[in-house]
Amino acid sequence: MSLDQPTDWSASELMATVLAGQLRDGEVAIMGTGSAVPQASCRLAQLTHAPNFSYIAGGTCSVNPYQQPLVASSCDYRLLRAETAVPLTDVVLMEGRGDVFDIFFAGGIQIDAYGNCNLVAVGSWNHPHPRGPGSVGLPFLSRVGRILIYTMSHNRRTFVEKVDFRSGPGFLEGPASWREAGLMGGGPAMVVTPLCTMTFNPETLRMQIASLHPGVELQQVVEATGFEIEIEPPLPFTPSPSPEQLDILRAMDPNGLLR
Amino acid sequence: MSLDQPTDWSASELMATVLAGQLRDGEVAIMGTGSAVPQASCRLAQLTHAPNFSYIAGGTCSVNPYQQPLVASSCDYRLLRAETAVPLTDVVLMEGRGDVFDIFFAGGIQIDAYGNCNLVAVGSWNHPHPRGPGSVGLPFLSRVGRILIYTMSHNRRTFVEKVDFRSGPGFLEGPASWREAGLMGGGPAMVVTPLCTMTFNPETLRMQIASLHPGVELQQVVEATGFEIEIEPPLPFTPSPSPEQLDILRAMDPNGLLR
Amino acid sequence: MVSISDAVSSIVEDGSFVVVGGMHLHNNPMALVREIIRQGRRTGKLLTSPCGAMNADLLLGAGLVDELITSYVGFEHLGLAPNFRRLAEQGSIRILECDEPYIAHGLYAGAGGLPFIPLPRGLEYSDIPKVNPESYTYTEDPFSGERVLVGAPLLPEVALLHAQLSDAQGNAVLLGAHFLDRLIALASKHVILQVERIVSTEEISSHPMGTTIPAFLVDAVVVATGGCHPTSSHAFYTYDEQHLRQYLEMARDERGTDEYLTRYVRQTTEALYQQSMADRIDSLRNEAVLEQRAL
Amino acid sequence: MVSISDAVSSIVEDGSFVVVGGMHLHNNPMALVREIIRQGRRTGKLLTSPCGAMNADLLLGAGLVDELITSYVGFEHLGLAPNFRRLAEQGSIRILECDEPYIAHGLYAGAGGLPFIPLPRGLEYSDIPKVNPESYTYTEDPFSGERVLVGAPLLPEVALLHAQLSDAQGNAVLLGAHFLDRLIALASKHVILQVERIVSTEEISSHPMGTTIPAFLVDAVVVATGGCHPTSSHAFYTYDEQHLRQYLEMARDERGTDEYLTRYVRQTTEALYQQSMADRIDSLRNEAVLEQRAL
């Protein structure tokens, strides 16, 4: 918990509500490992403003798991308490097709100013420190409607000017390279951390602070970010989770994964 | 029924027993459309000398259907009375892998001296007469252990010197082209018709008569074959089905598809 | 759920690339095929999966197919496909001659966004690639340097599929064989699903791994009880051999085909067709073959 | 059915290309992995599918992997994979860096005899192809002329897989998620299957479409009740978080890893291991999640 003031909700709960707000009725989302926060956000969206939103949860490939309860592993058997399930091989096809998934929830051990994500290596690939687990499906960021990035680590090791290894492409090296690539995906749309939400400047394609979480000072974010982050004051505060949202999140999370 | 002498078994029953004799314990076979005869042969082999022989029956992709009863359509729902079943997409993969299937049962509207099969067109492809249904999986003949060809039509329209369209490769255009192609498959091993069985001369790779069905004269076969067929006298007669074999075949064929 | 006429009129555009599901005499989406004929929608390209039967031959007979991409159209032991045969022999239909491996791998490429698909070595020894350079070409294997036959991805605009069960949203269960229908749904831009019966989402959820097509791939669900007739619907009824033989007889020439289309398609609605065939279909009910989930 | 030691000794040759099934903390074929370590069989190449955990990290810790081909080795929310991390940071293991789409499509190519496999456009914007030219290269799309990233087929010699149920011949049912295990069985020259329980062929036949792997692809079936421990076996038991945390703690250095291997692998047999863990596994039994076929 990185907030300075005491609140009656956790950073993860706030992040889940922020992400839920990005999801629209009728859309379809996909996510990878370590996905309790995005899973909670998807289910929250379904139970509030987006009843026909669909999502596929990790390697079980269950579709619209009921989150009874929210689980920590992306391949947990209990995720099959779900509307239905599809084979992983089909999900790989749909990710490649590129017009099925509107949202990809991404993260990384490094995330850079242009939203590129690294799950492989800090330092050189040959002699990394640390060596990350690996990219899994992150290269598919190039073929998805929009990318929502989340991380529990808002610090200068995670937020760097340029990733040491690109697992999943954000806006590449900025406007020129992004235009040249002509990818079908829309690129990163938002980043949410325990401190703030960030979007991308449509001109520079660099990360900019969009809102500060309640109780967070701008200076905290600037110091915790390893690149020059764009700011357009006055910055709003991120809306706190509503009581209804918190009720829903806590009903699906008896084990307190988000607390 | 093309035999001249009355027998207590049909040509199809004889063909099923001949084909069964080609199947070895532990092997795996695959077949296409219109496959009552090969299906009967596979089940017969399982129930006699080859209990660990496996076969996949047409588009249902059932594995080792119990043939209760033998059915006419290769995709009949009743074929799912089977040991198990696999998806059609998996069968296409296994056919391509090339080391899974030992046997492919093939046929055609034309079959030529080198065992090439045609399911597409007699005459030119642009103006065929008749137009056949199409090749389905026959091009996979290039990647299977050995090919067993069967047809109910032993006549000069079916057995031609050279197919007008090659759906599935036999020994191509003979020894030079076969060597040059260097295919992983072993090529055609046997042909069975209502008149006789034929094998392929190991030198010329052309079809040769291997046995005459009981009551069939050599001259009949020669006249019914549209190319110069090799003969090595004295020709044996094809062994008649045994009473045990006929009991098994008739138990699985209450509707008399083989009669 | 929408009406069959709304589903077809709103999703199938004139000139679309359409794929028909089912295989041979089984699970042909005939209710949707008949509705397309009633509405006179031309299919710019028609793909069979891999083996077409009544689903393709009827559209061909109705003169609604510009180009046919197929590895088989026929009626198995019942005979050749009369309209396919006649049009092919007359040279009055453009055929993209294919084989099953290309159709399966081409759909895989289409579903997965693969720009093209290499085919197993040996397939180049059929004559198919020679007559269909639009679907097949050659390239070099960049690893080995060898010449490789490759296929173009198959990207249908509309899939017409039959499922035995689905919920109202389109989470579909194919009881019995799946043929290529799952892959077709994955590769197609739009999916219209005809089903024997609508079940609750709770029923779908109780066997999540048993679902064949997830709802988010399905554009429209149409109830069509008996909608595969005269072909079979696995686990529900077998094919109507008598009706199929009648069709094969009538469709020997254009006039007979037209008479068949008038009587069984154009002068009736799908609801009336299914009503008129209900007794026949009842008599074709499958003996219980497998221990099944509740129907 | 054979004993686990006979299955491993007769099928896994020293230096083989081995693939381990399961994904993340689930369905890892740990009984087979432990037996390989007991017998000291080197894997010339080890593939994860796509996400390895204990299955890969333990083989790496035992020093039995020459080359690792993977898109992920880790323990999800529990932490990084300690032996994978240490060896990678030391530069003492050759890594063929991959992504999930290549592993899935590469196995598809291997299973289907496709000489190579084009990948969807856009995947070339990761750094993965740059550091792994053995698995990835470029060619030209012969249809469009565009540059295309392609992968080499994945052709494992031995697959180590876990299934919840199978009959004695190896007709295997994965209850719960299948991950890539079906595809792995299709792509691999040999399959060794460890199962929670043997069922009759009649039980398999009563749900033919529910079978995940047909027996003719399986070389050996080994009964390993609790054989995924400390990972989960879907529908049977969940992962043993306490034991996994103990492993992660011990495996922080080589000495601790060796101690773990001595205690839990080398100085015990698989039967004794499973016996010693039986109470723990009982306490990890899954709540009934789904209406299931009879276990």
Side-chain angles (χ1 to χ4, degrees), chain A residues 32-34 36 58-62 72-81 85 87-89 91-93 95-98 116 118-121 123 125-143 163-169 172 177 181-185 257, chain D residues 22-27 48 50-52 70-78 80-81 84-91 95 97-105 108 119-128 130-131 176-180 182-183 232-236 238-239 286-287 289-290:
Chain A
T33 308
T60 59
C61 303
S62 58
S73 168
S74 63
C75 293
D76 199 286
Y77 179 57
R78 289 167 291 180
L79 284 168
L80 289 170
R81 285 193 189 114
L88 177 54
T89 43
V91 172
V92 171
L93 291 173
E95 288 180 301
R97 188 174 131 173
N116 300 293
N118 172 8
L119 276 170
V120 167
W125 178 78
N126 279 308
H127 290 93
H129 187 81
R131 163 71 212 204
S135 305
V136 202
L138 226 48
F140 274 134
L141 295 187
S142 58
R143 294 181 77 79
V163 287
D164 292 332
F165 188 99
R166 191 196 290 147
S167 292
L172 302 170
S177 65
L183 296 177
M184 71 186 295
L257 297 185
Chain D
M23 185 164 167
H24 283 309
L25 306 176
H26 308 273
N27 290 3
T48 67
C51 297
T70 189
S71 71
Y72 181 102
V73 186
F75 286 73
E76 293 198 274
H77 57 295
L78 303 181
L80 294 172
F84 169 59
R85 181 181 171 179
R86 184 171 53 250
L87 293 170
E89 292 180 4
Q90 288 169 354
I95 298 172
E97 190 80 40
C98 296
D99 51 22
E100 178 183 46
Y102 165 61
I103 290 181
H105 291 308
Y108 181 87
L119 295 167
R121 180 166 141 60
L123 297 193
E124 68 275 22
Y125 286 95
S126 89
D127 284 335
I128 298 165
K130 282 185 207 159
V131 299
H178 296 181
F179 308 124
L180 289 186
R182 173 199 287 276
L183 189 56
S232 97
S233 173
H234 268 198
F236 274 72
T238 192
Y239 52 93
N286 269 301
E287 351 156 29
V289 168
L290 303 172

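Letters A, B, ... are given to chains in the order of the sequence lines, protein chains preceding strands, and every chain is numbered from 1.
In this structure, D/Y102 and D/S71 have side chains that are not in contact, with every pair of non-hydrogen atoms separated by 4.5 Å or more. With a 4.5 Å cut-off on side-chain heavy atoms, A/W125 and D/D127 do not count as touching. Residues D/L80 and A/R131 form no side-chain contact, since every pair of their non-hydrogen atoms from C-beta on lies 4.5 Å or further apart. By the 4.5 Å heavy-atom criterion applied to side chains, D/E89 and D/F84 are not counted as neighbours. Taking 4.5 Å as the limit, some side-chain heavy atom of A/S142 sits within range of a side-chain heavy atom of D/L123. Using a 4.5 Å cut-off on side-chain heavy atoms (C-beta onward), D/Y239 and D/E76 make no contact. Counting heavy atoms from C-beta on, the side chains of A/T60 and D/H234 come closer than 4.5 Å.
Both the backbone and the side chain of A/C75 have a heavy atom closer than 4.5 Å to some heavy atom of chain D. If you measure heavy-atom distances from A/P87 to chain D, you find no contacts under 4.5 Å at all. In this structure, chain A has a heavy atom under 4.5 Å from the side chain of D/T238, while its backbone stays farther away. Using a 4.5 Å cut-off between heavy atoms, D/P50 touches chain A through its side chain atoms alone. Only the side chain of D/H77 comes within contact range of chain A, with at least one heavy atom under 4.5 Å from a heavy atom of that chain. Heavy atoms closer than 4.5 Å to chain D are found nowhere in A/S177, neither backbone nor side chain. There is no contact between D/R86 and chain A, counting heavy-atom distances below 4.5 Å. Heavy atoms closer than 4.5 Å to chain A are found in both the backbone and the side chain of D/A88. With a threshold of 4.5 angstrom between heavy atoms, D/I95 approaches chain A through its backbone and through its side chain. Only the side chain of D/L183 comes within less than 4.5 Å of a heavy atom in chain A; its backbone stays farther off. With a 4.5 Å cut-off on non-hydrogen atoms, A/D76 touches chain D through its backbone and its side chain both. With a 4.5 Å cut-off on non-hydrogen atoms, A/A181 touches chain D through its backbone and its side chain both.
Residues A/V92 and D/P101 share a closest heavy-atom pair of CG1-CA, 4.0 Å. Nearest heavy-atom pair across A/V136 and D/C51 is CG1-SG, 3.6 Å.
Note on A/R143, A/M184, A/E95, A/H127: by heavy-atom pairs under 4.5 Å with chain D, the leading option is A/R143. For chain A, the option among D/I128, D/D99, D/V131, D/I103 with the highest count of heavy-atom pairs below 4.5 Å is D/V131. Looking only at heavy-atom pairs under 4.5 Å with chain A, the residue among D/H105, D/H178, D/R85, D/K130 that has the most is D/R85. Note on A/G132, A/G96, A/A72: by heavy-atom pairs under 4.5 Å with chain D, the leading option is A/A72. The choice from D/S233, D/S126, D/A177, D/G122 that makes the most heavy-atom pairs within less than 4.5 Å of chain A is D/S126. Counting heavy-atom pairs closer than 4.5 Å to chain D, the top residue among A/S62, A/A85, A/G59, A/P133 is A/P133. Among D/Q90, D/R121, D/R182, the residue with the largest count of heavy-atom pairs under 4.5 Å with chain A is D/R121. Between chain D and the options A/C61, A/G168, A/S74, the largest number of non-hydrogen pairs under 4.5 Å is found for A/S74.
In this view, A/S167 and A/S135 satisfy the side chain to side chain donor-acceptor pair (under 3.5 Å) rule, not counting sequence neighbours. Take D/Y125 and apply the ring pair (Phe, Tyr, Trp, His ring centres under 6.0 Å) test, not counting sequence neighbours, and it matches no residue.
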- Message: Working note: D/H24 + A/S73, criterion side chain to side chain donor-acceptor pair (under 3.5 Å); need CA distance, chi angles, decisive distance, verdict.
- Response: CA-CA 8 Å; D/H24 283 309; A/S73 168; over 6 Å; no
